[in-house]
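Presented below is the structure to which this report refers.
The model shown is predicted, which means the values in this text are computed figures rather than measured ones. The sequence lines fix the lettering, A, B, ..., with proteins before strands; numbering per chain opens at 1.
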There are 2 protein chains.
Amino acid sequence: MADYNAPVKDMKLALNHIARLTELSSMPVFEDASDDMVSAILDEAARVARDVVGPTNWEGDQTGLKLDESGVVCPECFHDAYSQYAEGGWGSLQFDPEFGGQGMPYLLSVSVMEMWQSANMAWGLCPLLSQGAVECLSINASDELKGIYLPKLISGEWAGTMNLTEGGAGSDLSQVRCKAEQDGDHYRITGEKIFITWGDHSLTENIVHLVLARLPDAPPGVRGISLFLVPKYLVNADGSLGEYNNTKPLSIEHKLGIHASPTCVMGFENSVGYLVGELNRGLACMFTMMNNARLGVGLQGVAISERAYQQALNFANERIQSPAVGHKEPGPIMRHGDVRRMLLTMKALTEAGRALTYDACGSIDFSHHAEDPERREKEKARAALLTPVVKGWCTEFAQEVTSLGVQIHGGMGYVEETGAAQHFRDARILPIYEARMVFKPWI
Amino acid sequence: MADYNAPVKDMKLALNHIARLTELSSMPVFEDASDDMVSAILDEAARVARDVVGPTNWEGDQTGLKLDESGVVCPECFHDAYSQYAEGGWGSLQFDPEFGGQGMPYLLSVSVMEMWQSANMAWGLCPLLSQGAVECLSINASDELKGIYLPKLISGEWAGTMNLTEGGAGSDLSQVRCKAEQDGDHYRITGEKIFITWGDHSLTENIVHLVLARLPDAPPGVRGISLFLVPKYLVNADGSLGEYNNTKPLSIEHKLGIHASPTCVMGFENSVGYLVGELNRGLACMFTMMNNARLGVGLQGVAISERAYQQALNFANERIQSPAVGHKEPGPIMRHGDVRRMLLTMKALTEAGRALTYDACGSIDFSHHAEDPERREKEKARAALLTPVVKGWCTEFAQEVTSLGVQIHGGMGYVEETGAAQHFRDARILPIYEARMVFKPWI
């Protein structure tokens, strides 16, 4: 099985020559993002992705998950990988220095995030979801909630989740039945959520659930949904962890892929929840999280394609077979025109997808930090236009690329030990995530 | 999970109005294949596929296989399904009455074979391979071998396999190293083969391995390969089973799909083998088997697509979700235009693939039985032209159709218990089987 080596050169090409990182770096707000600093960050992230996270991918897939009295039990190797990720400050690159972030361009963090997703997509969902929670709270939460939760989420000490879907309702959020009742300055949340990615685990000491629920007197449909922050453990005034807050993983799904990413049915029972944003405006708050989550899913399409490509390239160079045209002796299958065609298709789609994704993410940075308000608006509209394209296209071509990865391996590709099949299975979730194109093609 | 109901009406449309079954039935050789008889056969096969074989599909996938001292252990439910298949005479439809066959058109047997492949593709590979062995022996074996082996293979009491590939050689048969040494009127076979589908099992009391091997003084490359019949148990003069013939499953592969189809590494050690066809002409003999095997693989593409379609159709009618355009209340997702688009794409590809496959198979019947020798030649050429198209296209669209089947289920499609993911995993073997298009696009 091939190691994952982050394509730092390709990434820099997309960052600097397509997504305008050099222009971002020239802004005062990003003065720390010098070319040298960017190189140092990418090189070090590449090392961690190759040596620490990458090797957990296959083991995680084969070990899978267990649910016992203590909650979800992850593959042992995930703990060390996560600790090194958190201790390296990898989750804080793009966030506000006020809460412990490093104030780097979001765009740069996207390159680094691509590496985690290539290295281990199942594991990488935990950081990805946590970053989504940070974005959502940064925009919508009260200063008090921000002060308590953001530093821990940004440092990676705690993880975040998004709890939208309920049984029988799928993508239709108007059907949310999860109940919220006021109880002094907070709320009590009771109900069940399904398909909750990384809904429970012990990689972090606390988990911050963002939960859509409905007050008893709320209007019907999506206009009656509010967003609540529901921690796994309550937080004491001194910041230490308090009581368990009844956020229980009731079961985990048995899935086609991302076997090591716990997809939980979560039960909340009288759990303390704190309102995020305004009452009955929960969907709008959640969407601030989902926008970047959708870019993240597109990025996963690029990432898993890159990993599948590296695996197939390695195999094509090592596997000796029938003499190719113009050769008398058997040689590497790389010599066959059709193998090269498949590899180049994989490479071309992956690089194009990376360029598109980074470019959209660059626009998000400009939409926040460009000096000219008109330009900020323009970049915001551009990001909004590109987001569904990134999500739709990169998740679609990831199906083709990972399938070609299997095909290049021939019969060996169908054997799980080779590793190509895992990428193919893992990738299949991507066009399903974050609301299917079917019902909501516009998001 | 939806039951499998054979689309008998669609099958008859393709049989009669595209593949010319009515013309075949009007020939004296097929006088028994009356319209009533065809209907009776299809209806009864549909019942067995629905009630007996179909229900084993999911259980087989989840139970998988074990290899112990006794050999490969199949899911328990496979035994009863196979017994009913054999006792019903389902393996004998198209074969020569001289050896116990029913003398029906090959084309009709293809419809019935489609049902087994839809009902359980992993299980269905056992009958499919056995029929390939019958075809190969019918054309190439001596009368003595035919007399001993064909009746038992045709009745389904014994099963057949094809042993081509060796470790490190993949599709490159010129590299065959398996050794054959003359020993009186037979040969002794020693060597290892990989990727041997249904290489061992106890569904039948004997297994007839067709093995490519090389005599010590044979010319190098493909011109030095001979074909041998190597039974699991030797056959006594009275037809009873004799000694174990050292045909040992050394390991089984851990695969992406068709979990219940044992893919074996087979070891032969001084095993008695009987020459099939002429010395050093083994590849040509094997190709008589591979031609129909490739049509069979294309047929599997049609079959798994049909199964995935039925599963998705059932889900789309039962699953209630967001109100569709023109509706105020939530209703079945079938109401959504894009769900209908996906279902119709699945259906259209499946029906077109069935028409093409049946049509090619009809030409094979005409190539054998048409009165006019010129027409026989023409139909033979037509079948030869269509065979790689059937194999290539039907296995490719099966990827799209089974993937759409997952997509229609949304998140539920990624959960194994729904069943859509199994079809997607199972289908992925099809473009790999029977020599990759990469190296041998012409076959």
Side-chain angles (χ1 to χ4, degrees), chain A residues 62 165 168-175 194-195 221 253-258 263 319-324 330 333 336-342 396 399-400 403 406-418 420-422 424-425 428-433 435-441, chain B residues 62 165 168-175 194-195 221 253-258 263 319-324 330 333 336-342 396 399-400 403 406-418 420-422 424-425 428-433 435-441:
Chain A
Q62 293 300 300
T165 307
S171 307
D172 185 3
L173 294 176
S174 69
Q175 303 296 311
I194 65 168
F195 291 153
E253 305 295 347
H254 171 214
K255 303 189 301 298
L256 172 60
I258 50 169
T263 305
R319 173 75 165 182
I320 306 298
Q321 258 235 24
S322 323
I333 61 168
H336 290 271
D338 201 52
V339 170
R340 287 206 299 276
R341 176 191 65 78
M342 290 193 282
E396 284 299 334
Q399 310 310 305
E400 181 180 351
S403 184
V406 170
Q407 193 68 17
I408 286 170
H409 287 75
M412 295 302 294
Y414 205 65
V415 172
E416 286 284 359
E417 281 75 5
T418 314
Q422 185 191 348
F424 177 71
R425 287 188 285 101
R428 190 61 190 81
I429 188 59
L430 299 176
I432 295 173
Y433 267 155
R436 294 192 268 167
M437 302 301 279
V438 184
F439 299 136
K440 304 189 174 58
Chain B
Q62 293 300 300
T165 307
S171 307
D172 185 3
L173 293 175
S174 70
Q175 303 295 311
I194 64 168
F195 292 152
E253 305 296 347
H254 171 212
K255 304 190 300 297
L256 172 60
I258 49 169
T263 305
R319 173 74 165 183
I320 306 298
Q321 258 235 25
S322 323
I333 61 169
H336 290 271
D338 201 52
V339 170
R340 287 207 299 276
R341 177 192 64 78
M342 290 193 280
E396 284 299 334
Q399 310 309 306
E400 181 180 351
S403 184
V406 170
Q407 193 68 18
I408 286 170
H409 287 74
M412 295 301 295
Y414 205 64
V415 172
E416 286 284 358
E417 280 75 6
T418 314
Q422 184 191 349
F424 177 71
R425 287 188 286 102
R428 190 60 191 82
I429 188 59
L430 299 177
I432 295 173
Y433 267 155
R436 293 192 269 168
M437 302 301 279
V438 185
F439 300 137
K440 303 187 174 61

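Contacts with chain B were tallied for A/E417, A/K255, A/R428; A/R428 has the most, counting heavy-atom pairs under 4.5 Å. Per-residue counts of heavy-atom pairs under 4.5 Å with chain A were compared for B/I429, B/T418, B/I258; the largest is that of B/I429.
B/E416 approaches A/L256 most closely through the heavy-atom pair OE2-CA, 3.4 Å.
Proximity to chain B involves both the backbone and the side chain of A/S403, based on heavy atoms less than 4.5 angstrom apart.
With a 4.5 Å cut-off on side-chain heavy atoms, B/Y433 and A/Y414 do not count as touching. Within the 4.5 Å cutoff, the side chain of A/H254 has heavy atoms near those of the B/Q62 side chain.
Atom CD of A/E400 and atom CD of B/Q399 lie 12.0 Å apart (nearest 0.5 Å).
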